[in-house]
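Notes follow once the structure below has been shown.
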Protein chains: 2
Amino acid sequence: MPDKVSPRLREEIARAIDDLGYVPNPAARTLASSRTNVIGVIIPSVTNNVFAAVLLGIYTALESTDYDIQLANSRYSALREESLLKVFLGQKPAGLIVTGIDQSEKSRELLEKAACPIVQIMEIDDNPVDLMVGFSHYEAACVATRHLIEQGYRGLGFIGARMDPRSQRRLRGFHDTASGAGLFSENRVITTTAASSVTLGAQLFAELMDRAPDLDAVFCNNDDLALGVMFEAQRRRIPVPGRLGICGFNDLEMMATAEPPITSVRTYRYEMGRHAVNMLVEAIEGTGGDGAVVDIGFEIRKRRSTSLGSPGL
Amino acid sequence: MPDKVSPRLREEIARAIDDLGYVPNPAARTLASSRTNVIGVIIPSVTNNVFAAVLLGIYTALESTDYDIQLANSRYSALREESLLKVFLGQKPAGLIVTGIDQSEKSRELLEKAACPIVQIMEIDDNPVDLMVGFSHYEAACVATRHLIEQGYRGLGFIGARMDPRSQRRLRGFHDTASGAGLFSENRVITTTAASSVTLGAQLFAELMDRAPDLDAVFCNNDDLALGVMFEAQRRRIPVPGRLGICGFNDLEMMATAEPPITSVRTYRYEMGRHAVNMLVEAIEGTGGDGAVVDIGFEIRKRRSTSLGSPGL
DNA sequence: TTGTATGCGTTATCAC
DNA sequence: GTGATAACGCATACAA
């Protein structure tokens with residue numbers, strides 16, 4: 001579409017289009033060109049604030065393009081993801097954004113032979129289907145656990161819900177780091193596959209505390225659980241951070257305002273969404289090399305909830 | 001599609017379809033039939049938990065149908081909603097779900113003359129474009145305010161963020177009820193158009209408390225703000241509910257687990273989403289009468305954060 | 001009932 | 001370049 005038309009003529013055309021009430025028919029367009037401007041997005045949950053933020057990044061980045069997005073949520077089921085993938089690929093999408101690196105074998109196959117660029121988000125490893133943007137949940141958990149140890153906590157515990165692949169990698173990071181310092185005890189780990197919530201955090205903490213009185217710090221799978229732990233600690237008059245250290249994951253906005261403010265691992269959800277779209281569009285339009293893996297990183301936000309050893313926090 | 005085929009034959013057909021790798025082409029289908037199976041959804045925000053829950057209801061209800069959903073967020077802008085509406089209507093959608101009743105004049109016009117069923121969600125009034133499912137934010141605020149009065153609070157205040165039309169109606173409900181009891185003071189009301197957050201709740205409460213020391217109860221526009229108020233009260237060693245009553249709005253899951261548990265107005269977000277889809281599909285398929293307005297109600301959840309007069313709570 | 005031709009609105013191709 | 005025309009893949013109306 002060369003812009004060699006005079007502004008004058010251009011306007012006239014626009015007016016004519018408007019007068020005739022012409023509206024392009026997308027169905028006819030994609031049928032004729034056998035090309036769509038649809039980018040498929042599969043996330044595990046729409047209500048989880050983490051993925052909602054990713055989604056916001058995706059929508060925002062897409063606004064300056066003329067791609068449409070087709071959203072689906074897999075509800076943390078690899079099987080459901082697989083069937084969604086089939087439907088999506090049937091539409092011959094311009095690109096695909098999928099969550100994580102734990103697709104089913106069949107899904108992986110479908111993705112490998114897909115005709116469009118694919119970007120996996122939220123995690124990174126050295127075996128991408130195509131594009132990838134995320135961070136290492138394992139490393140993030142290691143850093144958080146190390147922080148607890150450095151603060152002087154010795155009875156390290158872990159509370160986890162949902163236990164999707166990313167949660168499991170966080171647990172591994174916790175395990176390896178705590179073990180390395182000779183501070184790991186299976187007895188101080190409690191997990192469930194139930195959906196995460198503040199209430200669940202309180203319940204799991206209550207259970208864990210009763211079972212393991214030597215517990216003096218918990219690394220929570222996510223911020224909802226951490227908040228629940230804090231509420232339950234307050235109910236039981238357990239001083240935080242004096243008697244109990246609490247560390248969350250994701251650093252939702254409320255963590256900084258809680259009383260006491262809660263330490264958490266900052267992750268860049270919005271940015272991952274934006275980045276994923278940018279990479280994808282570049283790949284679709286052939287302006288960027290493919291096979292790229294970008295590590296978007298994370299950052300531990302140290303706050304009062306873990307300031308046992310450094311009251312200055 | 002009469003099911004007069006033998007299961008035997010049916011399976012054979014399915015196998016043949018699978019063998020040939022046949023995948024229906026939706027573009028060709030909509031082009032030929034000049035009908036789409038797309039339902040457009042416009043919500044103000046994807047990250048706001050309230051709308052995320054609505055969305056979950058929508059996606060869930062849609063799973064048993066063969067409609068697709070086209071999602072867009074207006075970012076609380078009537079102007080943006082208008083342009084989204086134009087794009088959506090250009091696609092000749094099978095139906096449309098829009099948020100609220102405060103569309104721009106032009107949007108209203110577009111909706112009125114749209115060829116498909118429309119459902120407005122989140123609110124109700126007696127002037128629907130077509131279908132409607134929601135509840136009265138005004139009434140809900142009245143009930144919440146009355147509760148504070150019944151508990152014995154006299155220095156009633158209001159904290160509001162975003163101040164979209166629904167928030168404004170809640171403020172009106174608060175105003176009218178408090179005024180009716182001779183307990184309204186403009187000095188105890190603080191609002192901002194900034195986006196709501198826990199941090200903002202804490203800030204607004206700090207400001208309000210400094211300005212109006214006679215404040216002894218706050219009705220918050222939403223639960224994030226209420227949680228922020230609670231944290232700030234704890235920081236300032238203000239006893240809740242003894243010296244300060246707190247009431248939120250929406251009853252997010254965390255409200256029941258907070259310490260103290262926070263009173264809130266339960267709203268049925270998920271159900272509104274489901275109901276909207278069901279009404280829409282019925283209207284599209286002509287199996288239901290149109291023009292229906294369904295009041296999905298709300299319920300005040302009384303908890304310790306407002307138990308000044310009834311310690312038994 | 002079963003089969004066949006025409007049209008949906010665009011893109012893309014091929015003559016010109 | 002410019003303008004006519006053949007696909008694109010399915011639905012549908014009509015003929016058999």
Side-chain angles (χ1 to χ4, degrees), chain A residues 1-40 65-70 83 85-96 110 113-117 281 284-287, chain B residues 1-40 65-70 85-96 110 113-117 281 283-287:
Chain A
M1 192 207 283
D3 291 79
K4 291 276 183 181
V5 235
S6 70
R8 173 115 177 53
L9 179 59
R10 177 171 285 279
E11 193 197 331
E12 202 164 329
I13 293 172
R15 209 169 33 119
I17 288 176
D18 204 49
D19 285 356
L20 291 167
Y22 172 80
V23 181
N25 181 327
R29 180 195 297 260
T30 82
L31 180 59
S33 65
S34 64
R35 237 184 278 152
T36 57
N37 63 335
V38 172
I39 290 177
T65 74
D66 57 345
Y67 291 97
D68 280 340
I69 138 167
Q70 187 72 21
S83 76
L85 226 39
K86 283 177 194 157
V87 175
F88 274 23
L89 288 171
Q91 329 251 44
K92 302 252 186 294
L96 227 46
L110 289 169
K113 65 175 61 156
C116 65
V281 171
I284 293 170
E285 281 156 18
T287 52
Chain B
M1 195 207 282
D3 293 78
K4 292 275 184 181
V5 232
S6 70
R8 171 118 178 53
L9 179 59
R10 175 171 287 279
E11 191 197 332
E12 201 164 330
I13 293 172
R15 209 169 32 116
I17 288 176
D18 204 48
D19 285 355
L20 292 167
Y22 173 79
V23 180
N25 181 325
R29 179 195 298 260
T30 79
L31 180 59
S33 64
S34 64
R35 238 184 276 152
T36 57
N37 64 335
V38 172
I39 290 178
T65 74
D66 58 346
Y67 291 97
D68 279 341
I69 138 169
Q70 186 74 20
L85 226 40
K86 283 178 195 159
V87 174
F88 274 23
L89 289 171
Q91 331 251 44
K92 302 251 185 292
L96 227 47
L110 289 169
K113 65 174 61 155
C116 65
V281 170
I284 292 170
E285 281 156 16
T287 53

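Letters A, B, ... mirror the listed sequences (proteins, then strands); counts begin at 1.
Stems are defined here as 3 or more consecutive Watson-Crick or G-U wobble pairs with pairing distances under 3.5 Å; those involving DNA chain D are C:3-16 with D:1-14.
Summary of the strand contacts: A/R35 and B/S33 both lie near DNA chain C, and taking for each the nucleotide with the nearest heavy atom, the more 5' one is attributed to B/S33.
To the nearest 0.5 Å, atoms NZ (B/K92) and CZ (B/R35) are separated by 14.5 Å. Atom CG of A/D68 and atom CG of A/N37 lie 5.0 Å apart (nearest 0.5 Å). Taken to the nearest 0.5 Å, the CZ atom of B/F88 stands 11.5 Å off from the CD1 atom of B/I39.
Rounded to a whole Å, the CG atom of A/N25 is 18 Å from the P atom of D/dC8. Spacing between atom CG of A/L31 and atom P of D/dG9 amounts to 7 Å, rounded to whole angstrom units. The separation between B/N37 atom CG and D/dA11 atom P is 11 Å, rounded to whole Å.
Heavy atoms of A/P26 sit nowhere under 4.0 angstrom from any nucleic acid atom.
Side-chain contact between B/P93 and B/Q70 is absent, with no heavy-atom pair separated by less than 4.5 Å. The closest side-chain heavy-atom distance from B/L31 to A/T30 is not below 4.5 Å.
Of the residues in residues 87-96 of chain B, none has a non-hydrogen atom less than 4.0 angstrom from any atom of DNA chain C.
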